[in-house]
Amino acid sequence: MLTRKWPVLDLGDQPNLLPKDWTLSVAGLINNPIKWSWDDFMAQPQFDSTSDIHCVTQWSRFDNHWQGVSAKHFLSVVQPKLEAAYLMLKSYDGYATNVPLKWFDDDDVLFAHSWEDEPISREHGGPVRIILPKLYFWKSAKWVRHITFMDKNGPGYWEARGYHMEGDPWKEDRTE
Ligand SMILES: Nc1nc2c(c(=O)[nH]1)N[C@H]1C(S)=C(S)[C@@H](COP(=O)(O)O)O[C@H]1N2
Ligand SMILES: [Mo]
């Protein structure tokens, strides 16, 4: 199904975060652990990108225009150690999802604060969510709060409930 509207899908508990209440902490196998406030985040180089969304429940939305901070820039700041191979993305609603670093480290991945030139709404994960267009959308954590870099893979919320550890839509990696 192709959709013009953007459906909302989550665990049902949508955190009500003002930008001033949002922080992002990053730890694990990196040389430079950080904790960014909203102001720290907005002081990073800004990045624009256009990409498609593919949900595992069979809808897609093409040509979304995002703005935020690129994963490439983020990685240049935190500097993953050589052993780092997976990220665990954790969110304010208790959600978590695991992503291989090789998928996260891509030109179209970002920490998005805007969609179609408007701040990302609360229900879509504002003030900041991950956009990882090459994997199924359950990997794109909304209300992102914490990231841990790991050498071993581990399951997030849906992965522990049978979703695929990678989630490549072109391979239809839905379940293990
Ligand atoms: N924090 C958080 N992020 C999440 C989820 C969630 O429940 N909590 N659901 C995931 C799933 S299964 C999908 S399909 C997309 C939906 O994003 P949308 O509601 O903006 O369409 O968010 C993903 N990111
Ligand atoms: Mo989903």
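For ligands, and for the atoms within them, numbers begin at 1 and follow the listed sequence. All figures in this text were calculated on a predicted structure; none of them were measured in a lab. The analysis underlying the following values was restricted to heavy atoms, covering all of them including side chains, and did not include hydrogens, waters or symmetry mates.
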When you compare the side chains of E159 and W138, does any donor N or O come within less than 3.5 Å of an acceptor on the partner?
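There is such a pair between these side chains.
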
Judged by atom type as modelled, is there a donor-acceptor pair below 3.5 Å linking the side chain of D168 to the main-chain atoms of L135?
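Looks like no, no N/O pair under 3.5 Å.
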
Need the list: ligand 1 N/O atoms against protein N/O atoms, distance under 3.5 Å, rounded to one decimal.
residue  : atom   : partner : partner atom : Å
ligand 1 : 1 (N)  : S91     : OG           : 3.2
ligand 1 : 1 (N)  : D93     : OD1          : 2.9
ligand 1 : 1 (N)  : D93     : OD2          : 3.3
ligand 1 : 1 (N)  : K142    : O            : 2.9
ligand 1 : 3 (N)  : K142    : N            : 2.9
ligand 1 : 7 (O)  : L11     : N            : 3.0
ligand 1 : 8 (N)  : D93     : OD2          : 2.7
ligand 1 : 9 (N)  : L9      : O            : 3.4
ligand 1 : 17 (O) : R129    : NH2          : 3.4
ligand 1 : 19 (O) : L9      : N            : 2.8
ligand 1 : 19 (O) : L9      : O            : 3.4
ligand 1 : 19 (O) : K142    : NZ           : 2.5
ligand 1 : 20 (O) : W6      : NE1          : 3.4
ligand 1 : 20 (O) : H124    : ND1          : 2.7
ligand 1 : 20 (O) : R129    : NH1          : 2.7
ligand 1 : 21 (O) : W6      : NE1          : 2.9
ligand 1 : 21 (O) : P7      : O            : 2.6
ligand 1 : 24 (N) : S140    : O            : 3.0

Can you list the steps and then say if H164 with T175 is a side chain to side chain donor-acceptor pair (under 3.5 Å)?
CA-CA 4 Å; H164 200 277; T175 54; over 6 Å; no

Partners meeting side chain to side chain contact (heavy atoms under 4.5 Å, CB included) with S140 (sequence neighbours left out):
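With sequence neighbours excluded, S140 shows a side chain to side chain contact (heavy atoms under 4.5 Å, CB included) to R129, L132, F137, given in chain and number order.
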
Assess the residue pair K102 and E166 against the criterion (salt bridge (charged side-chain N to carboxylate O under 4.0 Å, His left out)); give the C-alpha distance rounded to whole Å, side-chain angles, the decisive distance to 0.1 Å, and a yes or no.
CA-CA 11 Å; K102 66 171 193 281; E166 294 223 353; 3.2 Å; yes

Ring pair (Phe, Tyr, Trp, His ring centres under 6.0 Å) evaluation trace for W143 with W22:
CA-CA 8 Å; W143 313 290; W22 176 84; over 10 Å; no

